[in-house]
*Asks:* 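Starting off with a structure, shown below.
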Amino acid sequence: QINTKIYWDHIYTTPAKNLLYWTDSRRYSKAVEFVRDGDKFIDLGCGVGIPGRMVKKFKKGCEVWGVDISEEVIEHNKQDDPQTKYQQGYVGNLDFLPENYFDVVFCGEVIEHLDDPTSAFKDAYRILKKGGKFVTTTPEEDHIMSPEHYWYFTRDDVKKFYKDEGFKKLEFIDLDDLEYLMVIFGIGRILLGDVYGLL
């Protein structure tokens, strides 16, 4: 397991992982569509913070947070994007985040790096409001190979993670172009009232 703070601090000091490396990909654009004006949004495993920056650009009055394992990237983000609440932390150990607070939690290309992928779903469920949405993306099976990837998932795997942690009204969205072939894009919700059933 190479996904440690030391490893990612080193990665984010290289030019290949700076802000210019990242683009507003289709999965990021689609995630932002689930954010409403005035929502509280957090990106778990935010890296350089592209989804949060897009939320602030395209949605009005949102409170944006970002969490990442790398202190290096968090400190850079704080200087470059001071309006966002950036904090260093480990998915699965995010007790410092407020409970029942966020409207949308995004976790993009993170769960395949974790010792326990379910920890992201547990964290998201705890910090989301009733009616909140958890959006996660991950490579489909082994379509994106990397020594950093500890797991390879199918949609059935991701569906089980959502259901086991109590998320309802689950849906998967097919992205455009190559991302359609390579990325699983899922959304699970915490319902306001009665359970209407699982999809």
Side-chain angles (χ1 to χ4, degrees), residues 17 19 21-69 73-74 77 81 83-87 89 91 94 97 101-114 117-140 143-144 149 153-155 157-159 161-162 165 167-191 199:
K17 290 292 187 182
L19 188 58
Y21 171 82
W22 299 97
T23 61
D24 53 349
S25 68
R26 182 58 183 148
R27 59 191 180 278
Y28 293 162
S29 300
K30 179 57 70 173
V32 172
E33 291 178 17
F34 289 93
V35 180
R36 299 167 299 185
D37 291 346
D39 273 354
K40 293 179 173 68
F41 171 90
I42 187 168
D43 184 356
L44 304 183
C46 64
V48 296
I50 297 297
R53 295 169 196 259
M54 293 174 67
V55 167
K56 290 191 297 183
K57 180 178 179 180
F58 296 111
K59 304 292 179 174
K60 297 178 181 178
C62 289
E63 181 180 318
V64 178
W65 295 50
V67 175
D68 198 89
I69 190 174
V73 79
I74 289 297
N77 289 349
D81 182 19
Q83 292 78 33
T84 293
K85 298 183 179 183
Y86 288 108
Q87 298 191 52
V91 173
L94 299 178
L97 294 176
Y101 187 79
F102 295 97
D103 299 285
V104 180
V105 174
F106 177 68
C107 188
E109 269 66 28
V110 171
I111 62 172
E112 67 273 13
H113 297 270
L114 303 176
T118 66
S119 62
F121 294 81
K122 294 178 193 296
D123 280 336
Y125 196 90
R126 185 186 68 81
I127 66 178
L128 275 168
K129 295 177 180 177
K130 300 302 180 187
K133 298 178 282 283
F134 179 39
V135 179
T136 187
T137 67
T138 189
E140 181 143 20
H143 294 176
I144 301 174
H149 293 175
F153 301 117
T154 66
R155 287 194 181 195
D157 295 325
V158 176
K159 181 185 291 187
F161 294 149
Y162 274 114
E165 299 310 320
F167 288 95
K168 315 298 183 192
K169 293 185 68 177
L170 175 62
E171 64 178 305
F172 290 98
I173 292 177
D174 291 330
L175 300 170
D176 299 332
D177 301 325
L178 289 178
E179 290 188 70
Y180 163 76
L181 299 174
M182 297 188 295
V183 177
I184 298 170
F185 186 108
I187 310 101
R189 296 165 175 83
I190 300 177
L191 298 183
L199 295 180

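Below, all heavy atoms of this structure are taken into account, side chains as well, without hydrogens, waters or symmetry copies.
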*Asks:* Which pair of non-hydrogen atoms, one from Ile42 and one from Gly66, has the smallest distance, and what is that distance?
*Replies:* CG1-N, 4.4 Å
*Asks:* With a 4.5 Å heavy-atom cut-off, do Cys46 and Ile74 have their side chains touching?
*Replies:* yes
*Asks:* What pair of heavy atoms forms the shortest contact from Ile184 to Pro139, and how long is it?
*Replies:* CD1-O, 4.1 Å
*Asks:* Rounded to the nearest 0.5 Å, how far does CZ of Arg36 lie from CG of Asp103?
*Replies:* 6.0 Å
*Asks:* Rounded to the nearest 0.5 Å, how far does CE of Met54 lie from CZ of Phe41?
*Replies:* 9.5 Å
*Asks:* Can you confirm whether Val158 sits close enough to Phe172 that some side-chain heavy atom of one is under 4.5 Å from a side-chain heavy atom of the other?
*Replies:* yes
*Asks:* Report yes if some heavy atom in the side chain of Phe106 is under 4.5 Å from a heavy atom in the side chain of Thr137; otherwise report no.
*Replies:* yes
*Asks:* Taking the side chain from Lys59 and the backbone from Val35, do they hold a donor-acceptor pair closer than 3.5 Å?
*Replies:* yes
*Asks:* Scan Leu94, Val110, Asp68 and name whichever one has a side chain to side chain contact (heavy atoms under 4.5 Å, CB included) with Leu44.
*Replies:* Leu94
*Asks:* Please report the interatomic distance CH2(Trp65) to OG1(Thr84), rounded to the nearest 0.5 Å.
*Replies:* 11.5 Å
*Asks:* Closest approach of Leu128 and Val104, non-hydrogen atoms and distance?
*Replies:* CD2-N, 4.0 Å
*Asks:* Please find the pair of heavy atoms, one from Ala120 and one from Leu114, that lie closest to each other, and give the distance.
*Replies:* CB-CD1, 4.1 Å
*Asks:* Measuring from Ile187:CD1 to Leu170:CG, what's the distance to the nearest 0.5 Å?
*Replies:* 8.0 Å
*Asks:* Do Lys56 and Asp81 have side chains that get closer than 4.5 Å, going by heavy atoms?
*Replies:* yes
*Asks:* Any side-chain heavy atom of Lys133 within less than 4.5 Å of one from Arg189?
*Replies:* yes
*Asks:* Check for a donor-acceptor pair, side chain of Asn77 on one end and backbone N or O of Gly47 on the other, with a separation under 3.5 Å.
*Replies:* yes
*Asks:* Take Ile111 and Phe121 through the test side-chain contact (heavy atoms from CB on, under 4.5 Å) and record every step on the way to the result.
*Replies:* CA-CA 9 Å; Ile111 62 172; Phe121 294 81; 4.1 Å; yes
*Asks:* For the atom pair CZ (Arg126) and CD (Glu165), what is the distance rounded to the nearest 0.5 Å?
*Replies:* 13.0 Å
*Asks:* Determine whether Tyr162 and Phe134 satisfy the following criterion, ring pair (Phe, Tyr, Trp, His ring centres under 6.0 Å), listing intermediate values before the conclusion.
*Replies:* CA-CA 9 Å; Tyr162 274 114; Phe134 179 39; 5.8 Å; yes
*Asks:* Can you tell if the side chain of Val135 reaches within under 4.5 Å of the side chain of Phe185, non-hydrogen atoms only?
*Replies:* yes
*Asks:* Exactly one of His113, Glu109, Glu112, Arg155 should register a side chain to side chain donor-acceptor pair (under 3.5 Å) with Thr138. Which one does?
*Replies:* Glu112
*Asks:* For Val64 and Gly52, which heavy atoms make the closest approach, and how far apart are they?
*Replies:* CG1-CA, 3.7 Å
*Asks:* A cation-pi test, strictly: NZ or CZ of Lys40 under 6.0 Å from the centre of the six-membered ring of Tyr101 and no more than 45 degrees from its axis. Yes or no?
*Replies:* yes
*Asks:* Supply the atom-to-atom distance Ile173 CD1 to Phe34 CZ, rounded to the nearest 0.5 angstrom.
*Replies:* 3.5 Å
